[in-house]
Student: 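What follows is a single structure, and I will ask about it in a moment.
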Amino acid sequence: MVTTSLSLIDQHGQDPTVAASRAVRNAIAHNALPGVWEVAGLSHPNEMIIEVQVAVPYPEQVREEEVLAVLPFGRKTLTVESGGMVVQGRAIPELNDKNDEMLIAIAAVTVLVENE
């Protein structure tokens, strides 16, 4: 089992899906699993089980399929819960801001391999 986590922000647009997707993307971008195929005896990366947990403001607005699309391989599941942060920003109409909020999401990505 390998778990990595990271938080990231959506500065403009106030979209919790964007914040969650960025957090997941960055969590996996800063990690590598070299040798996992050989050690675990996998023949394809889609055999990995990937569990994603995201805490974000306005979790009911998260488009789950878009967040999971960030992951290129694996049998993926996503749990979204209320959390993260809302911090004061500055609305810029040209960037499609709805208000002055900046949304911060926290993501944990866990990779598991089934043992026989």
Side-chain angles (χ1 to χ4, degrees):
M1 175 174 74
V2 176
T3 301
T4 183
S5 63
L6 192 71
S7 62
L8 211 61
I9 192 167
D10 180 25
Q11 278 185 290
H12 301 286
Q14 295 73 41
D15 187 336
T17 300
V18 171
S21 296
R22 287 180 179 166
V24 170
R25 184 178 296 110
N26 278 284
I28 64 170
H30 296 289
N31 289 280
L33 298 173
V36 72
W37 289 34
E38 293 80 9
V39 172
L42 300 179
S43 60
H44 194 278
N46 279 330
E47 294 174 351
M48 294 183 296
I49 300 166
I50 304 176
E51 298 175 349
V52 179
Q53 185 175 0
V54 176
V56 64
Y58 317 117
E60 69 283 353
Q61 296 177 21
V62 172
R63 297 177 302 281
E64 295 186 13
E65 64 282 349
E66 290 181 36
V67 176
L68 289 176
V70 169
L71 303 166
F73 299 108
R75 299 184 336 234
K76 315 166 212 179
T77 60
L78 175 64
T79 303
V80 181
E81 59 190 64
S82 183
M85 295 176 66
V86 176
V87 297
Q88 182 68 34
R90 183 75 167 179
I92 301 173
E94 294 83 2
L95 296 176
N96 297 318
D97 284 330
K98 301 174 193 94
N99 54 48
D100 287 338
E101 293 180 347
M102 292 191 299
L103 306 182
I104 299 174
I106 301 166
V109 178
T110 302
V111 176
L112 303 155
V113 177
E114 287 183 331
N115 291 339
E116 294 186 26

Student: Locate the shortest heavy-atom distance separating Val62 from Pro16; write the atom from each residue and the value.
Tutor: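 Closest pair (atom of Val62, atom of Pro16, distance): CG2-CB, 4.0 Å.
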
Student: Calculate, to the nearest 0.5 Å, the distance between atoms CE and CE belonging to Met85 and Met102 respectively.
Tutor: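 Rounded to the nearest 0.5 Å, the CE-CE separation comes out at 9.5 Å.
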
Student: Give me the atom names and distance for the closest heavy-atom approach of Gly84 to Ile106.
Tutor: CA-CD1, 4.2 Å

Student: Which pairs would a plain distance check flag for residues 52-59, meaning a side-chain donor or acceptor within less than 3.5 Å of a matching protein atom at least two apart in sequence or in another chain?
Tutor:
| unit_1 | atom_1 | unit_2 | atom_2 | d |
| --- | --- | --- | --- | --- |
| Gln53 | NE2 | Glu81 | OE1 | 2.8 |
| Tyr58 | OH | Glu101 | OE1 | 3.0 |
| Tyr58 | OH | Glu101 | OE2 | 2.9 |

Student: What closest approach, in Å, do Asn46 and Arg75 show between heavy atoms, and which atom pair accounts for it?
Tutor: O-CG, 3.4 Å

Student: Given Glu51, which of Thr79, Leu78, Val111, Thr77 fulfils the side chain to side chain contact (heavy atoms under 4.5 Å, CB included) condition?
Tutor: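 It is Thr77; the other options fail the test.
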
Student: Of Leu68, Val109, Val70, which meets side chain to side chain contact (heavy atoms under 4.5 Å, CB included) against Lys76?
Tutor: Leu68

Student: Looking at Ala91, is its backbone amide N or carbonyl O close enough to the side chain of Asp100 to form a donor-acceptor pair, meaning the two atoms are under 3.5 Å apart?
Tutor: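 At least one qualifying donor-acceptor pair exists.
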
